[in-house]
Each structure stands twice: as C-alpha cells, then as structure tokens.
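Taking it in order: structure first as structure tokens, then the write-up.
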Amino acid sequence: MTAAASGPGFISLQVRDYDASAAFYESYLGLTRQPGPPHAVVFDTKPASFAVRSPLPGVDLDAVAQPGVGVGIWLHAADAQGIHDRLVADGITITSSPVDGPFGRTFTFADPDGYQITLHSRA
C-alpha cells in the first residue's frame, strides 16, 4: 500500500512585497507572525500554516492578470462579516458579497496582489 497525503500542511502566496502583504493580513485578518525564513512571513494558523513570500525565480506576478486564478484559498474567521465591513470601509475590493451557506457567513476579497481569498465563519 502506498502512503497517502493527509491534507494541506502549508500554504504560501508569492507576492510582490511580502512586508506589505504581511501587514495587510495582520491588520485585516488579525494573523500573527511566527518564525520563518528571511524571504517570507509565516503566520501562526491552524491546521496548516499560511505565509506570504517573495516570488520564486522565474515568477513574474506582473505578467499575469490575476495571481492564483483557478485556486481557491479559504480561511476561517469567526467574525467574517466584521472583517468584510472593515475591508469595505477601507476600499478593499470584494469579489463575492457575503452570503450565508453551509460554511457560515462567506465572502471573497482581493488581497494587495490580486489573490482572491474567501473567508468563512463556520469552522
């Protein structure tokens, strides 16, 4: 029998300015940093770590219309609506308005690099 994967262990986004992106995620989502490599900011998230990092060699984020197109990144936030309201108040692009569904209050926003991140309130 072959070994099976158990699920995500680490998710990272390649970003143009990882200090600015880290500040965004700290400010709006309340994420906290944990020790990590010098080219990235790793956050203390569960069950998988989440990070923003400098682009790998050969990656040109300015050459794509939308980074991460086709990939869904969902993060849990108990107060998704409160985060939504703060993002809207500060002019952050909301790409999918809040709805109530099987994952609780759910909406999607565009981060500073254009990655679309979905927040949901039900764990």
Side-chain angles (χ1 to χ4, degrees):
M1 178 175 188
T2 60
S6 63
F10 193 86
I11 298 167
S12 67
L13 301 178
Q14 296 178 62
V15 298
R16 291 172 184 87
D17 180 340
Y18 65 87
D19 286 324
S21 289
F24 175 88
Y25 283 99
E26 288 173 314
S27 174
Y28 289 104
L29 275 58
L31 300 183
T32 56
R33 295 178 190 218
Q34 65 181 19
H39 61 276
V41 174
V42 179
F43 297 105
D44 184 18
T45 54
K46 303 287 186 259
S49 292
F50 175 74
V52 292
R53 59 159 296 143
S54 57
L56 292 167
V59 173
D60 181 2
L61 294 172
D62 294 322
V64 296
Q66 178 189 334
V69 69
V71 174
I73 298 173
W74 288 51
L75 301 175
H76 173 256
D79 187 14
Q81 184 65 52
I83 293 171
H84 168 272
D85 295 347
R86 191 156 165 248
L87 291 166
V88 168
D90 288 348
I92 306 301
T93 301
I94 304 300
T95 59
S96 178
S97 297
V99 297
D100 292 314
F103 299 101
R105 194 72 168 157
T106 305
F107 77 96
T108 304
F109 66 90
D111 83 352
D113 286 278
Y115 288 101
Q116 294 194 25
I117 308 296
T118 299
L119 289 186
H120 65 97
S121 64
R122 185 172 297 142

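These numbers come from a predicted model, not from an experiment.
Across every non-hydrogen atom of A22 and R33, the tightest pair is CB-NH2, 3.5 Å. The minimum heavy-atom distance linking Q34 with S49 is given by the pair NE2-OG, 3.5 Å. F43 and A51 make their closest contact through CD1-CA, 4.3 Å (heavy atoms, listed as atom of the first residue, atom of the second, distance).
Cluster annotation: V64 and L13 are assigned to distinct hydrophobic clusters (Ile/Leu/Val/Met/Phe/Trp/Tyr, side-chain heavy-atom contacts under 4.5 Å, transitive). A chain of hydrophobic side-chain contacts below 4.5 Å, direct or via other Ile, Leu, Val, Met, Phe, Trp or Tyr residues, connects V71 to L75. In terms of hydrophobic clustering, with Ile, Leu, Val, Met, Phe, Trp and Tyr side chains grouped at heavy-atom distances under 4.5 Å, I73 and L56 are assigned to a common cluster. Taking hydrophobic clusters as Ile, Leu, Val, Met, Phe, Trp and Tyr residues chained together by side-chain heavy-atom distances below 4.5 Å, L29 does not share a cluster with F103. Follow the hydrophobic side-chain contacts under 4.5 Å out from V99 and you never reach L87; the two are in separate clusters.
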Residues V52, D113; criterion side chain to side chain contact (heavy atoms under 4.5 Å, CB included); working and verdict: CA-CA 11 Å; V52 292; D113 286 278; over 6 Å; no
Full working for side chain to side chain contact (heavy atoms under 4.5 Å, CB included) between T106 and W74: CA-CA 9 Å; T106 305; W74 288 51; 3.9 Å; yes
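Here the options are H39, R16, Q14, the test is side-chain contact (heavy atoms from CB on, under 4.5 Å), and the partner is S54; only H39 passes.
In this structure the side chain of S27 reaches within 4.5 angstrom of the side chain of R86, judged on heavy atoms. You'll find the side chain of Y28 stays beyond 4.5 Å of the side chain of F109, heavy atoms only. Using a 4.5 Å cut-off on side-chain heavy atoms (C-beta onward), L119 and I83 make contact. At a threshold of 4.5 Å between non-hydrogen side-chain atoms, the residues S12 and V42 do not count as touching. Side-chain contact between T45 and I11: absent, with no pair of heavy atoms (C-beta onward) separated by less than 4.5 Å. Looking at heavy atoms from C-beta onward, P55 lies in side-chain contact with L61 at the 4.5 angstrom threshold.
Not a single donor-acceptor pair under 3.5 Å links the side chain of R105 to the backbone N or O of G82.
Between the CG atom in D111 and the CD1 atom in I117 there is a gap of 5.5 Å [rounded to 0.5 Å]. Atom-to-atom distance recorded for Y115:OH and T95:OG1 is 15.0 Å, nearest 0.5 angstrom. With values rounded to the nearest 0.5 angstrom, D90 atom CG is found 11.0 Å from D85 atom CG. Here D100 contributes atom CG and H120 contributes atom NE2; the two are 14.0 Å apart, rounded to the nearest 0.5 Å.
Shown here are the salt bridge (Lys or Arg N to Asp or Glu O under 4.0 Å) partners of D79, two or more places apart in sequence or in another chain: there are none.
Within the 6.0 Å centre-distance limit, the rings of Y25 and F50 are counted as a close aromatic pair.
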